[in-house]
Amino acid sequence: MEALCLEAGFIFDEENPEIIISVGGDGTLLAALHYYESKLETVRFIGVHTGHLGFYADFQEHELEQVVAAIQNEKPEEAFKYQLLKVQIHFTDGRLKTHLALNESVIKRASKTLVADVKISDFLFEKFRGDGLSVSTPTGSTAYNKSIGGAVMHPRVHAFQVTEVASLNNLVYRTLGAPMIIAEKDTVTIELENADDYLLTVDQLEYFYDQIASVTYSLDGGEISFVNGRHTGFWHRVKNSFIGEVK
């Protein structure tokens, strides 16, 4: 890949790139996103998958010449864009920390039941008890979210999703017990008990925090842009990943 790019006259600039080529799998692209998180407004991504086509890679490893051609012919204004999930952590001492997620963010405790108030735009919706809560974007709905019973959402649906992880439901404790599709303009705030063993995941990254007061999720995280070289339709990706050829 590098040799073909040099032959085409491209200049490698790791500090201030215009286009980022991710070679690997979807996890590799997520790692590239977080590495260049501060430059998402000015960069565009293109993915080369070394296995089966993923949800963020349009090319495979035997199609490197097509990757170069796509970059040469690309028009920035025609880039495909996906919304990012904004994750704001409010600490008990007043500190605020922000992360961005392309797939999902999960909040849970290391060894005990997660007990939390779930608010939708300041409206107290439920008291949750269970293993955790997962919040995903439409593009991330096919990842961990799907494995815990969440819905698969098309990226053109401007909304995000909250899915319960092993919720506790009996005559005393009740939760909705179903995935919730949250409108784009709403926020979800998870208010937590005082504990020192919270685990927060942001895509493939893991953070262990204590003194968390609450976590607020919204679709105010901006967007990630992809080179429009050979876009594979979302439902084609879903079928290729989970169903295969219908006999």
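The chain is numbered in sequence order, starting from 1.
- Between Arg109 and Asp197 there is a salt bridge, since a side-chain N of the basic residue sits under 4.0 Å from a carboxylate O of the acidic one.
- Checking Asn169 against Thr175 by side-chain atom types alone, a donor-acceptor pair falls below 3.5 Å.
- Counted by atom type alone, Lys39 and Asn16 present one or more donor-acceptor pairs between their side chains at under 3.5 Å.
- For Phe208 and Tyr198, the ring centers sit 6.0 Å or farther from each other.
- With Leu200 as the partner, the side chain to side chain contact (heavy atoms under 4.5 Å, CB included) test is satisfied by one option alone out of His99, Lys108, Glu206: His99.
- Partners of Phe10 according to the side chain to side chain contact (heavy atoms under 4.5 Å, CB included) rule, which considers only residues two or more places apart in sequence or in another chain, are Cys5, Ala8, Val68, Ile71, Gln72.
- In the model, Tyr217 has a side-chain atom that pairs as donor or acceptor with a side-chain atom of Ser105 under 3.5 Å.
- Using a cutoff of 4.0 Å between basic side-chain nitrogens and carboxylate oxygens, Asp117 and Lys127 are scored as salt-bridged.
- Aromatic pair Phe128/Tyr173: ring centres not closer than 6.0 Å.
- Note: Tyr56 and His49 fail the aromatic proximity criterion, with ring centroids not under 6.0 Å apart.
- Residues Ile120 and Ile182 meet the side-chain proximity criterion, which asks for heavy atoms closer than 4.5 Å.
- Contact check on Asp26 versus Arg237 returns no salt bridge, with no Lys/Arg side-chain nitrogen under 4.0 Å from an Asp/Glu carboxylate oxygen.
- In the hydrophobic clustering, where aliphatic and aromatic side chains (Ile, Leu, Val, Met, Phe, Trp, Tyr) are joined below 4.5 Å either directly or transitively, Leu124 stands alone.
- Using a 4.5 Å cut-off on side-chain heavy atoms (C-beta onward), His34 and Asp203 make contact.
- Pairs of residues two or more places apart, or lying in two chains, never qualify as salt bridge (charged side-chain N to carboxylate O under 4.0 Å, His left out) while including a residue from residues 172-190.
- In this model, no donor atom of one side chain and acceptor atom of the other lie less than 3.5 Å apart for Tyr144 and Thr163.
- In this structure, Asn145 contributes its side chain and Ala151 its backbone to a donor-acceptor pair below 3.5 Å.
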